Amino acid sequence: MSNEDVRRRDLRALWHPCTQMKDYGEEGTLPLLPIERGEGVWLYDFDGNRYLDAISSWWVNLFGHANPRINDALKEQVDRLEHVILAGCTHEPVVELSERLIDITPAGLDRVFLADNGSAGVEAALKMSFHYWRNVGQPQKTRFIGVSNAYHGETIGALSVSDVPLYRHTYEPLMLDVINVPGPDCFHREPGEDCADVARRQFAHMERALERHAHEVAAVIIEPLVQCAGHMRMFDPEYLRLLRDACDRHGVHLIADEIAVGFGRTGPLFACEQGPITPDFLCLSKGLTGGYLPMAALLTTDTVYQAFYDDYEKLNMFLHSHSYTGNPLACRAALATLDIFESEPVLERNRELAAHIARRLEPLNDHPHVADVRQHGMIAAVELVQDKASRTPYPWQERRGLDIYRHGLTRGALLRPLGNVSYLMPPYVITEEQIDFLVEVMGEGIDIATRD
């Protein structure tokens with residue numbers, strides 16, 4: 001088996017996600033990367049080349065590929081129970097996982113509902129909030145508030161509360177009627193402002209929306225601190241504190257989408273801790289199973305749970321299910337991932353790695369085509385612009401970020417861009433030397449991408 005064998009078979013049979021397939025066809029300009037195996041931070045192709053996975057394989061991998069502890073846990077579980085229906089049945093891994101998630105998430109989140117991917121977790125949160133208000137006698141609360149540049153998933157409800165222009169233009173006839181307000185993105189801060197100032201200034205838009213629409217709004221949804229798919233734009237925790245207070249005052253739920261930023265990505269175990277706040281709904285996925293199997297967890301309060309706890313004849317139960325809900329293998333992978341957090345100084349080590357990333361990226365602030373170097377914990381991003389003084393972006397049609405991606409592959413680094421933003425979101429088992437290598441390759445790629 002060779003890279004070319006796999007590429008040829010792939011292009012005859014497969015349709016890749018979020019991909020213009022012509023890019024990889026005979027007339028395309030992007031290389032399709034066949035991967036045979038993974039080990040730690042490295043991915044290996046069929047021809048013997050290796051690539052440092054700087055993006056954790058779409059932000060899911062926490063402790064490296066083929067992690068021995070997670071591998072062993074799955075091997076033990078697969079010989080005992082691979083799957084069982086969770087409607088009317090239960091099993092030890094799902095019970096233990098639910099207990100442990102309640103223990104480690106912000107206080108007050110006392111019930112766990114499981115789904116099979118991040119979008120499904122967001123859908124469940126939206127439906128549960130809507131259904132809660134119906135059950136407590138406020139059926140007029142049917143709308144949601146989202147913020148600009150947000151992304152919450154690919155399913156219709158999740159897309160509706162997102163703010164991705166391409167998706168909205170394409171699928172708008174299918175979407176819910178959502179209220180969208182300008183968000184707290186710190187990139188467009190004014191001279192003399194810090195990110196907390198931006199958060200307070202921008203929160204005025206949310207306050208006005210709540211004052212006007214709270215009577216018809218079920219929930220506000222937010223990605224705490226980092227809008228990952230939104231080109232890694234970041235904001236200050238002050239916005240979370242203001243939002244939690246406003247939702248309480250106006251009688252509206254708060255949904256925190258920590259699918260990408262949970263499990264230590266922003267510093268503490270959960271980004272909400274930097275508020276600190278407790279949302280009414282907390283959506284988790286991606287790193288939940290250490291990057292092994294698809295799974296999502298939605299945590300909520302006992303108050304919400306009790307609104308559905310009733311006689312069957314009232315038909316108040318929550319109507320949402322997936323065939324693979326609570327899959328024992330996914331639960332066991334998640335438990336092994338939590339075991340690593342519990343037994344090793346992961347967050348302390350991450351703080352040291354994050355500080356090293358910051359030191360190494362800091363010189364890029366002086367690059368004539370770098371407008372911003374930003375970071376929250378183990379997420380760091382570098383944004384390219386055509387004109388630094390005005391922060392004028394390069395035309396998106398030029399796809400300059402892909403020059404960094406192509407260069408990275410020639411040097412053994414997987415640096416998949418978000419438009420004109422190159423970023424690092426590596427597995428936590430990365431070393432300082434490997435960070436040095438990634439920053440070196442990124443810098444080279446930025447020079448190539450910004451040449452006239």
Side-chain angles (χ1 to χ4, degrees), residues 105-111 122 124-150 152 157 160-163 176-186 193-227 234-258 261 266 268 270-283 298-308:
T105 51
L109 298 172
D110 300 318
R111 295 287 174 171
V122 170
L126 299 174
K127 287 174 63 178
M128 197 177 287
S129 175
F130 159 83
H131 203 160
Y132 168 88
W133 294 113
R134 182 177 183 271
N135 282 357
V136 300
Q138 297 192 58
Q140 78 283 359
K141 293 173 78 68
T142 62
R143 301 183 71 189
F144 299 93
I145 298 178
V147 301
S148 58
N149 197 50
H152 297 287
S160 297
V161 294
S162 301
D163 182 45
L176 306 175
D177 179 21
V178 170
I179 301 159
N180 193 271
V181 303
D185 172 13
C186 191
E193 279 191 319
D194 62 19
C195 290
D197 295 328
V198 175
R200 287 185 285 268
R201 170 167 57 82
Q202 289 297 97
F203 190 76
H205 299 288
M206 179 66 74
E207 185 68 49
R208 284 194 294 270
L210 286 168
E211 289 172 355
R212 182 177 179 182
H213 297 286
H215 67 283
E216 59 177 339
V217 167
V220 175
I221 185 167
I222 191 85
E223 301 159 274
L225 303 187
V226 186
Q227 295 180 314
M234 303 181 184
F235 62 92
D236 191 87
E238 176 69 6
Y239 195 87
L240 297 178
R241 292 189 285 271
L242 294 170
L243 183 57
R244 176 69 277 180
D245 175 70
C247 287
D248 289 340
R249 285 187 285 106
H250 292 284
V252 168
H253 286 147
L254 175 56
I255 302 171
D257 174 358
E258 291 215 26
V261 299
T266 69
F270 300 102
C272 284
E273 295 177 44
Q274 296 193 49
I277 65 162
T278 297
D280 300 289
F281 301 92
L282 177 64
C283 302
L298 170 62
L299 284 93
T300 190
T301 65
D302 196 59
T303 299
V304 171
Y305 175 81
Q306 291 299 328
F308 295 85

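Numbers here simply count residues along the sequence, with the first being 1. As the structure is a computational prediction, the values presented were derived from the model and not from experiment.
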Over all atoms of both residues, closest heavy-atom pair of [X] and [Y]:
X	Y	value
Pro224	Ala256	CG-CB, 3.9 Å
Ala246	Phe203	CB-CZ, 3.5 Å
Gln227	Ser148	NE2-O, 3.0 Å
Phe144	Leu126	CZ-O, 3.3 Å
Pro279	Leu109	O-CD2, 3.2 Å

Side chains of [X] and [Y], heavy atoms from C-beta outward: is any pair under 4.5 Å?
X	Y	answer
Arg111	Asp302	yes
Val252	Leu210	yes
Phe308	Met128	yes
Glu223	Val261	no
Thr105	Phe270	yes
Asp280	Arg244	yes
Asp248	Leu254	no

Just by distance, do the side chain of [X] and the backbone of [Y] share a donor-acceptor pair under 3.5 Å?
X	Y	result
Asp194	Asp197	yes
Asn135	Tyr132	no
Ser162	His152	yes
Thr278	Ala107	yes

- prompt: Do Leu282 and Glu258 pass the side-chain contact (heavy atoms from CB on, under 4.5 Å) test, and can you show the C-alpha distance, the side-chain angles, and the key distance before you say yes or no?
  reply: CA-CA 7 Å; Leu282 177 64; Glu258 291 215 26; 3.6 Å; yes

message: Can you tell me which residue among Asn180, Asp257, Ile221, Ile255 is in a side chain to side chain contact (heavy atoms under 4.5 Å, CB included) with Val161?
response: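 Only one option passes, and that is Ile221.
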
field: Distance, nearest 0.5 Å, that separates OG1 of Thr266 from CG of Leu225
entry: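 That separation rounds to 5.5 Å.
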
field: Spacing of CZ belonging to Arg143 relative to CD1 belonging to Ile179, to within rounding of 0.5 Å
entry: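 Going from CZ on Arg143 over to CD1 on Ile179, the span is 4.0 Å.
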
- request: Kindly indicate, with the supporting measurements, whether the criterion salt bridge (Lys or Arg N to Asp or Glu O under 4.0 Å) is fulfilled by Arg249 and Asp245.
  value: CA-CA 6 Å; Arg249 285 187 285 106; Asp245 175 70; 2.8 Å; yes

task: Before giving the answer on side-chain contact (heavy atoms from CB on, under 4.5 Å), spell out for Gln274 and Leu240 the whole-Å C-alpha distance, their side-chain angles and the decisive distance to 0.1 Å.
output: CA-CA 8 Å; Gln274 296 193 49; Leu240 297 178; 5.6 Å; no

side-chain contact (heavy atoms from CB on, under 4.5 Å) between Asp236 and Val198, worked out: CA-CA 8 Å; Asp236 191 87; Val198 175; over 6 Å; no

message: How about CZ on Arg212, more than 12 heavy atoms from neighbouring residues, nucleotides or ligands closer than 6.0 Å, or not?
response: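 Not more than 12 within 6.0 Å, no.
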
message: I'd like to know whether Gln202 forms a side-chain contact (heavy atoms from CB on, under 4.5 Å) with Phe235, so could you lay out the CA-CA distance, the side-chain angles of the two residues, the decisive distance to 0.1 Å, and finally the verdict.
response: CA-CA 11 Å; Gln202 289 297 97; Phe235 62 92; over 6 Å; no

field: Partner residues of Arg208 under the salt bridge (charged side-chain N to carboxylate O under 4.0 Å, His left out) criterion, sequence neighbours left out
entry: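 Per chain and number, Arg208 pairs via salt bridge (charged side-chain N to carboxylate O under 4.0 Å, His left out) with no residue.
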
message: For Glu211, give me all partners under side-chain hydrogen bond (donor to acceptor under 3.5 Å, both in side chains), at least two apart in sequence or on another chain.
response: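 Residues passing side-chain hydrogen bond (donor to acceptor under 3.5 Å, both in side chains) with Glu211: none at all.
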
query: In a check of side chain to side chain donor-acceptor pair (under 3.5 Å) between Ser129 and each of His253, Arg134, Lys141, which one passes?
result: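 Output: one option passes, namely His253.
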
task: Give me the ring orientation class for His213 and His215: parallel if the planes are under 30° apart, tilted from 30 to 60°, perpendicular past 60°.
output: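 Ring orientation of His213 relative to His215: parallel.
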
